[in-house]
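Fair warning: this is a prediction, and the values are worked out from it, not measured in the lab.
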Amino acid sequence: MIRENEHRRMRWASRRGMLELDLVLAPFVDQVFPDLSEEDQLCYRRLMECEDQQLFGWFLGRDIPEDPGLARIVDRILACNAAGYTAG
C-alpha cells in the first residue's frame, strides 16, 4: 500500500493538459494506483514523465510504448477504462 502523500503526488501528476487524458488517468490513479505493486507504481511514475501527445497516441492505440513496463501500465489503464471506471 502506498503512502497518502505519494498518492496525492500521482493524482496531481495525472492532471494533464488534455481533458481526454484526464478522463483516462483520473479513475485509474484514484481507484487502481494505490493497490499496484511497487514495480507498477514505478512504471506509472515514469509514464507521468511522458509527453501528453505520446500518451494520447498510446491510449488511442495508435502506438505502443517500446518500454515493456510502460506498455504494461498503459494496458492496465486501458483495461480500467474499458471496465467502466469513472472519476469520482
Side-chain angles (χ1 to χ4, degrees):
M1 201 71 149
I2 64 168
R3 297 179 322 224
E4 182 60 29
N5 193 32
E6 178 65 13
H7 192 207
R8 275 189 250 129
R9 282 185 42 222
M10 286 302 98
R11 268 196 217 127
W12 181 254
S14 299
R15 296 181 68 187
R16 310 303 288 207
M18 298 174 70
L19 176 62
E20 295 87 352
L21 292 177
D22 292 349
L23 294 174
V24 171
L25 294 171
F28 183 83
V29 78
D30 285 341
Q31 300 173 27
V32 179
F33 180 82
D35 297 321
L36 290 176
S37 69
E38 197 170 316
E39 179 182 355
D40 283 344
Q41 288 180 5
L42 179 60
C43 287
Y44 189 84
R45 285 186 206 101
R46 288 191 300 124
L47 187 73
M48 292 300 96
E49 295 172 3
C50 297
E51 297 293 324
D52 286 357
Q53 290 300 323
Q54 196 171 32
L55 294 173
F56 192 64
W58 293 340
F59 293 134
L60 285 180
R62 293 180 183 158
D63 296 308
I64 298 171
E66 290 181 20
D67 179 294
L70 292 181
R72 183 177 66 249
I73 204 72
V74 166
D75 285 344
R76 295 222 32 204
I77 293 167
L78 291 172
C80 173
N81 192 40
Y85 285 67
T86 58

So do the side chains of [X] and [Y] get within less than 4.5 Å of each other, counting heavy atoms only?
X: Cys50; Y: Leu70; result: yes
X: Gln41; Y: Met10; result: no
X: Ser14; Y: Phe28; result: no
X: Ile77; Y: Leu47; result: yes
X: Val24; Y: Leu55; result: no

Within the distance-only criterion (no hydrogens, no angle test), does the side chain of Asp63 pair as donor or acceptor with the backbone N or O of Gly57 below 3.5 angstrom?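 Such a contact is absent between Asp63 side chain and Gly57 backbone.
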Mind listing the closest non-hydrogen atom pair of Val29 and Pro34 along with its distance?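 Looking at all heavy atoms of both residues, the shortest contact is O-CD, 3.4 Å.
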Who passes side chain to side chain donor-acceptor pair (under 3.5 Å) against Gln53, sequence neighbours left out?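 Applying side chain to side chain donor-acceptor pair (under 3.5 Å) to Gln53 gives none.
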Residues that Arg46 engages under side chain to side chain donor-acceptor pair (under 3.5 Å), provided they are two or more places apart: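 Checked Arg46 against side chain to side chain donor-acceptor pair (under 3.5 Å); matches are Asp67.
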Measure the acute angle between the ring planes of His7 and Phe33, then classify it against the limits of 30° and 60° as parallel, tilted or perpendicular.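 Ring orientation, 0 to 90° scale: parallel.
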Using a strict 4.0 Å threshold on nitrogen-to-oxygen distance, state whether Asp22 and Arg15 make a salt bridge.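 Judged by the 4.0 Å cut-off on N to carboxylate O distance, Asp22 and Arg15 do not form a salt bridge.
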Taking Arg72 first and then Glu39, would you say they form a salt bridge - that is, a charged N and a carboxylate O separated by under 4.0 Å?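 Answer for the salt bridge query: yes.
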Residue pair Leu60, Glu20: steps toward the side chain to side chain contact (heavy atoms under 4.5 Å, CB included) verdict: CA-CA 10 Å; Leu60 285 180; Glu20 295 87 352; over 6 Å; no
With rounding to the nearest 0.5 Å, note down the distance linking [atom1] in [X] to [atom2] in [Y].
X: Leu25; Y: Met18; atom1: CG; atom2: CE; value: 11.0 Å
X: Ile73; Y: Asp40; atom1: CD1; atom2: CG; value: 4.5 Å
X: Cys80; Y: Asp30; atom1: SG; atom2: CG; value: 9.5 Å

Do other residues, nucleotides or ligands put more than 12 heavy atoms under 6.0 Å from Ile64 CD1?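 Incorrect, the count does not exceed 12.
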Pairs involving residues 50-69, ordered by first then second residue, that meet ring pair (Phe, Tyr, Trp, His ring centres under 6.0 Å) (sequence neighbours left out):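 For residues 50-69: none.
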